[in-house]
Amino acid sequence: MLRALRRRWDAYKYRFVPWLALNLRRKRRTLRYVPESSQDKIISDEDVFETLLKIFKALFINDFSRQTHILALLPEIRCKYLELLTVEQKQSEVNSCNHHSQHVFSPEEVLFNTLGFSVTRDRSSLVSAGTGVFVTKGFVPKGTVVSMYPGTVYRKHEPIFFQSLGNPFIFRCIDGVLIDGNDKGLSRSVYRSCSRRDQLGPFQMSDESWLTAAPQNPLAVGQYVNNCSHEKAANVCYQEFDVPGYFPVELKQYLPNIVYSHDIESHPRCVVLVTLRDIKQGEELFSNYYTVVS
């Protein structure tokens, strides 16, 4: 009997450590089942990569006039993005790049103009759930990256005990990697410290703005997506994505994740939220905090 229970318990690959600890005795659980960890992905890594590339490029172009230091060091990058600008925004002289009359959109507008939807944080429709994430504009098709889970990435052997105390934003990946998505207290300080440690001159390797009320990456709100219930079914799920080494260096400033320990051989881990069905304007996003690998 005990061995059977142990085997059943070992099959649970839970997502959120604090949530699990507080809900062990609850009888009503909402679970997501996958046959094996390799089948945890709803869309391919290539699709995730292309989506991030698309929105990050759009954000970069929107911030083009503020990318002076990067463009000065990478003239080939400057030329590439000049070709992506509209005919009215193109300039033939290098020194005139910062003087064109480009209209600057908000990050939410860039997201809508690029992917056809926008998301934002607001009061959840669930009683006592606090903040939630809503599709505020447009339409999100099934199989779309709709959000990202920001935070410091910890591997299994790295210290996270003090950061985890009273922290409901610790996300556990299937392979045991943890992401601390808390934007306050010690977690906030650790993320900022690691982010500034890895900065290379004008090149930022991660985005710190998700710690504020105005993130420059409008997708970086995934830590506020609430767990589904029997009344509110899940419409998104988590998918892990390791950022490849060839990811454009000028676009890393929009990645809302940073590794706790500096290791040039490791690839940053990101977690994206992918839609399980079509989602319309005004709907709140709900996920599965539990994933069972059977």
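In this text the structure is predicted, and so the values were computed from the model without any measurement.
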Q | Residue pairs, two or more places apart or on separate chains, that pass ring pair (Phe, Tyr, Trp, His ring centres under 6.0 Å) and touch residues 188-215 | A | Tyr191-Trp210
Q.
Salt bridge check, Arg155 against Glu158: does any charged N sit closer than 4.0 Å to a carboxylate O?
A. yes
**Q.** Basic-acidic side-chain contact under 4.0 Å: Lys142, Asp278
**A.** no
**Q.** Residue pairs passing the side chain to side chain donor-acceptor pair (under 3.5 Å) test where at least one lies in residues 47-58, sequence neighbours excluded
**A.** Ser44-Asp47
In chain order, what residues pass the ring-ring contact (aromatic ring centres under 6.0 Å, His included) check against [X], with sequence neighbours excluded?
{"X": "Tyr81", "value": "Phe60"}
{"X": "Phe134", "value": "none"}
{"X": "Phe49", "value": "Tyr246, Phe247"}
{"X": "Tyr254", "value": "Phe56"}

Q) What's the verdict on side-chain hydrogen bond (donor to acceptor under 3.5 Å, both in side chains) for Asp207 and Gln216, showing C-alpha distance, side-chain angles and the deciding distance? A) CA-CA 8 Å; Asp207 174 26; Gln216 67 174 353; 3.1 Å; yes
Q.
Please find the pair of heavy atoms, one from Ala58 and one from Thr114, that lie closest to each other, and give the distance.
A. CB-OG1, 3.2 Å
Q. How close do Asn217 and Ser209 get, heavy atom to heavy atom, and via which atoms?
A. N-OG, 4.2 Å
For [X], all residues meeting side-chain hydrogen bond (donor to acceptor under 3.5 Å, both in side chains), sequence neighbours excluded:
{"X": "Arg121", "result": "none"}
{"X": "Ser193", "result": "none"}
{"X": "Gln199", "result": "none"}
{"X": "Asn113", "result": "none"}

Q. Going by the salt bridge (Lys or Arg N to Asp or Glu O under 4.0 Å) test, which pairs reach into residues 247-258, not counting sequence neighbours?
A. Lys80-Glu250
Q: Kindly indicate whether the side chain of Asp183, heavy atoms from C-beta on, has any atom under 4.5 Å from the side chain of Tyr224.
A: yes
Q) Do Val135 and Phe139 belong to the same hydrophobic cluster, where Ile, Leu, Val, Met, Phe, Trp and Tyr are linked whenever their side-chain heavy atoms lie under 4.5 Å apart, directly or via other members? A) no
(Q) Using the side-chain contact (heavy atoms from CB on, under 4.5 Å) definition, which of the options Val146, Asn226, Val140, Val221 pairs with Leu285? (A) Val146
Q | Phe162, CZ atom: more than 12 neighbouring heavy atoms under 6.0 Å | A | no
Q) Counting heavy atoms not belonging to Arg277, are there more than 12 under 6.0 Å from its CZ? A) yes
Q.
Could you list the cluster mates of Leu126? Members are the ILVMFWY residues connected by side-chain heavy atoms closer than 4.5 Å, either directly or through other members.
A. Phe286
